[in-house]
Amino acid sequence: VHILILGAAGMLGRKLAGRLQRDRTLGQDEISRLTLQDVVATAPCDDAGFAIESIACDLSAPDAPATLIAKRPQIIFHLAAVPSGDAEADFEKGYRVNVDATRQLFDAIRAAGDGYKPRIVFTSSIAVYGAPFHETIDDEFILTPLISYGAQKGICELLLADYSRRGFLDGIGIRLPMICVRPGRPNGAASAFFSSIIREPLNGEEALLPVPDDVRQWQATPRSAIDLMVHAASIDLQPLGWRRSLNMPGLSVSVGEQMEALKSIAGASVAARVRRAVNPSVTQLVRGWAPAFRTDRANALGFKTTETSVADIIRIHIEDELRGNFVR
Ligand SMILES: NC(=O)c1ccc[n+]([C@@H]2O[C@H](COP(=O)([O-])OP(=O)(O)OC[C@H]3O[C@@H](n4cnc5c(N)ncnc54)[C@H](O)[C@@H]3O)[C@@H](O)[C@H]2O)c1
């Protein structure tokens with residue numbers, strides 16, 4: 001099977017590319033070719049055992065989608081996106097990349113004809129929902145995003161459903177939880193502190209906690225996010241009907257629980273590197289996000305995350321990113 005990853009240089013794109021190169025299979029299929037696209041070139045590993053091509057281009061450039069599907073990849077992971085903070089700061093760029101490029105991609109697939117009908121795994125987000133909320137949000141909850149990024153993901157979900165219904169592609173939209181612990185540096189998202197308060201102390205650095213301890217978020221680890229994407233690419237989508245996007249499993253975690261778990265895993269001196277300084281405007285923003293979800297449809301289709309506790313989330317970060325070590 002030929003696989004194309006759009007946004008392959010991003011945090012999840014790199015992990016997904018690494019996983020596919022290690023596994024050499026996707027579901028029942030052997031991987032024959034992997035194409036990695038992003039605005040910057042990505043470095044594939046040398047000995048994957050199949051052809052790997054890296055293409056650096058802007059997905060929103062007029063000819064980019066047609067060029068990228070010229071070799072007819074059967075599975076396309078569409079991860080390329082402008083993140084929430086940037087999409088809010090630059091309205092035009094957010095819509096160009098997060099909406100227009102997706103529509104162009106779907107149209108290029110439609111125009112290819114010849115029975116070409118790839119599986120598209122689109123990484124949507126729980127930002128498609130907006131307050132006021134019920135206590136838990138299920139797949140029936142109305143999409144009322146309160147940030148442009150969420151609106152853009154919601155628009156793409158509708159396009160994905162309609163292009164699937166019309167038989168042009170076979171799409172699934174997975175609404176990923178907030179991915180925690182995000183490796184690397186903070187990415188400017190308002191939610192970045194949920195990762196910073198774990199990642200920075202384990203690296204021996206200070207972190208700022210701008211919200212009270214009872215603030216909750218729906219979280220999953222990067223490791224689980226990759227499992228969810230791979231599963232979405234491998235399963236029969238018939239049971240979904242035309243509702244092609246669905247909430248993904250995760251854990252509802254409060255920052256107080258994160259801090260307790262950090263203390264018990266790494267010790268009080270590591271947890272003391274977090275400085276509490278409540279910022280009312282960040283608190284108000286974050287309280288507008290849904291804290292917990294019902295994921296019955298995803299569960300019935302076999303979507304699963306690895307972690308079962310907030311402590312697991314921290315241990316997985318230590319295993320996967322710090323090779324078992326942290327700064328005591
Ligand atoms: N990380 C999370 O918490 C989270 C949660 C929900 C959904 N998602 C979604 O999952 C996907 C991957 O997330 P991530 O955390 O790896 O994001 P990321 O920002 O690390 O990666 C996105 C990649 O898209 C690329 N990109 C941006 N504009 C592009 C363009 N015009 N042409 C080509 N490539 C472009 C970027 O260069 C970047 O490498 C995104 O679609 C994101 O919206 C992420």
Side-chain angles (χ1 to χ4, degrees), residues 4-19 35-43 54-65 67-68 76-88 90 92-105 120-129 145 147-157 160 173-196 199 217-226 228-229 232 245-250 253 289-290 293 305 313:
L4 167 63
I5 304 178
L6 305 171
M11 187 269 286
L12 294 176
R14 270 182 283 128
K15 286 185 181 292
L16 176 62
R19 159 86 178 262
T35 306
L36 305 172
Q37 177 276 348
D38 206 300
V39 285
V40 291
T42 47
S54 170
I55 300 178
C57 69
D58 177 349
L59 187 65
S60 68
D63 297 333
T67 309
L68 286 161
I76 302 176
F77 290 96
H78 179 13
L79 278 55
V82 172
S84 57
D86 293 355
E88 204 62 16
D90 189 338
E92 156 61 27
K93 182 180 178 193
Y95 274 88
R96 181 169 49 79
V97 175
N98 292 351
V99 177
D100 301 344
T102 302
R103 171 89 200 273
Q104 265 178 222
L105 169 71
I120 309 281
V121 177
F122 172 65
T123 44
S124 189
S125 161
I126 52 178
V128 295
Y129 299 112
I147 51 173
S148 293
Y149 168 84
Q152 291 150 6
K153 291 289 189 186
I155 292 167
C156 292
E157 286 192 6
L160 188 80
I174 56 173
R175 295 187 193 117
L176 292 175
M178 193 188 65
I179 304 306
C180 191
V181 177
R182 186 183 173 93
R185 303 308 302 168
N187 67 345
S191 58
F193 69 86
F194 286 105
S195 286
S196 299
R199 186 185 56 224
Q217 252 293 324
W218 190 240
Q219 300 186 357
T221 58
R223 193 195 282 184
S224 288
I226 303 307
L228 297 173
M229 288 183 215
S245 292
L246 65 173
N247 298 343
M248 286 291 110
V253 172
W289 300 341
F293 289 82
T305 49
I313 292 179

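For this chain, numbers begin at 1 and follow the sequence in order. Both ligands and their constituent atoms are indexed starting at 1 by order of listing.
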inquiry  = Evaluate Ile5 against Thr42 for side-chain contact (heavy atoms from CB on, under 4.5 Å), listing each step before the verdict.
reply    = CA-CA 11 Å; Ile5 304 178; Thr42 47; over 6 Å; no
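- Listed by chain and number, residues touching ligand 1 at under 4.0 Å (heavy atoms only) are Gly7, Ala9, Gly10, Met11, Leu12, Gln37, Asp38, Val39, Cys57, Asp58, Leu59, Leu79, Ala80, Ala81, Val97, Thr123, Ser124, Ser125, Tyr149, Lys153, Leu176, Pro177, Met178, Ile179, Arg182.
- Between Arg96 and Asp58, at least one side-chain nitrogen of the basic residue sits less than 4.0 Å from a carboxylate oxygen of the acidic one, meeting the salt-bridge criterion.
- Closest approach of Leu68 to Cys57, counting heavy atoms only: CD1-SG, 4.0 Å.
- In this view, Glu157 and Ser124, Arg175 satisfy the side-chain hydrogen bond (donor to acceptor under 3.5 Å, both in side chains) rule, not counting sequence neighbours.
- Ser125 is linked by a side-chain hydrogen bond (donor to acceptor under 3.5 Å, both in side chains) to nothing, counting only residues two or more places apart in sequence or in another chain.
- Evaluation of the ring pair (Phe, Tyr, Trp, His ring centres under 6.0 Å) rule for Phe193 yields no partner, not counting sequence neighbours.
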